Amino acid sequence: MSGSYRSALISSFVAVMIPIYAAAISLAADAPSGDTAKADAGAADLKVIKPEEAKDYEGKDVVVEFQVVNARELGTGICFLNSSSDFNDPGAFTAVISAKGLSEFKKDSKTEKPADFFKDKKVRVTGKVLVYQKDKDSAKKFEIKVDSPKQIKIVETDAHKS
């Protein structure tokens with residue numbers, strides 16, 4: 001193989017590979033990062049359940065859809081969004097916005113008071129169903145811990161009902 005032929009072959013190869021390599025880097029930069037990609041892809045595959053069904057999904061990732069009937073933020077830095085005003089209701093469900101999640105909500109002026117913002121709205125909360133049990137004699141209560149605003153989506157508000 002002559003030197004000029006080899007040089008031309010290498011130049012052609014480089015001319016083809018550089019745009020391909022640049023395109024691959026560009027696509028990789030635009031792709032969602034690990035946790036975001038998993039959360040977005042996973043939420044679409046998760047089962048949407050009612051609050052009273054949470055007991056059947058303990059330890060599993062789901063989407064719980066419910067009307068926020070009662071909501072309050074505590075001075076300890078957490079917020080509760082409840083599906084029932086009766087804490088002893090066996091079908092009651094709670095989305096517990098952690099201190100980490102609450103600080104994320106507070107970054108947006110629209111959601112800086114999540115208890116007020118979500119009250120009376122139908123929401124979908126994504127996450128793992130956890131058990132909250134005050135003591136061994138009380139009934140199990142089910143909840144999802146919310147660490148990110150991305151875990152809660154508004155489905156409708158009372159104003160949209162007929």
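Predicted, not measured: the structure shown is a model, and the values here were computed from it.
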Query raised in the report: Quick check: are there more than 12 heavy atoms from other residues, nucleotides or ligands sitting under 6.0 Å from NZ of K113?
Result: no
Query raised in the report: Within a radius of less than 6.0 Å around NZ of K106, do more than 12 heavy atoms belonging to other residues, nucleotides or ligands occur?
Result: yes
**Report entry** Nearest heavy atoms of F117 and K110, plus distance in Å
**Finding:** CD1-O, 3.3 Å
Query raised in the report: Looking only at heavy atoms, what is the nearest atom pair of P114 and E73, with distance?
Result: CD-OE1, 4.0 Å
Return the [atom1] to [atom2] distance between [X] and [Y], rounded to the nearest 0.5 Å.
{"X": "E143", "Y": "K128", "atom1": "CD", "atom2": "NZ", "answer": "13.5 Å"}
{"X": "T111", "Y": "I154", "atom1": "OG1", "atom2": "CD1", "answer": "9.5 Å"}
{"X": "K60", "Y": "I49", "atom1": "NZ", "atom2": "CD1", "answer": "10.5 Å"}
{"X": "I152", "Y": "F118", "atom1": "CD1", "atom2": "CZ", "answer": "4.5 Å"}
{"X": "E112", "Y": "L102", "atom1": "CD", "atom2": "CG", "answer": "10.5 Å"}
{"X": "I144", "Y": "I97", "atom1": "CD1", "atom2": "CD1", "answer": "12.0 Å"}

Quick check against the 3.5 Å criterion: does [X] have a side-chain atom that pairs as donor or acceptor with the backbone of [Y]?
{"X": "K140", "Y": "Y132", "value": "no"}
{"X": "Q151", "Y": "R124", "value": "no"}
{"X": "E58", "Y": "V129", "value": "no"}

Acceptor/donor pairs from residues 77-86 side chains to any protein atom, 3.5 angstrom cut, sequence neighbours excluded:
unit_1	atom_1	unit_2	atom_2	d
N82	OD1	T94	OG1	2.7
S83	OG	F93	N	2.8
S83	OG	F93	O	3.3
S84	OG	D86	N	3.1
S84	OG	D86	O	3.4
S84	OG	D89	OD2	3.3
D86	OD1	N88	N	2.9

Query raised in the report: Do V68 and F105 share a hydrophobic cluster (ILVMFWY, side-chain heavy atoms under 4.5 Å, transitive)?
Result: yes
Query raised in the report: Would V146 end up clustered with Y57 when hydrophobic side chains under 4.5 Å apart are linked, directly or stepwise?
Result: yes
Quick one: are [X] and [Y] in side-chain contact, heavy atoms under 4.5 Å?
{"X": "F142", "Y": "L130", "result": "no"}
{"X": "V125", "Y": "V63", "result": "no"}
{"X": "V64", "Y": "K50", "result": "no"}

Query - Lys/Arg N to Asp/Glu carboxylate O, E65 vs K153, below 4.0 Å - result: no
**Report entry** Side-chain ion pair, E104 and K107, N-O less than 4.0 Å
**Finding:** yes
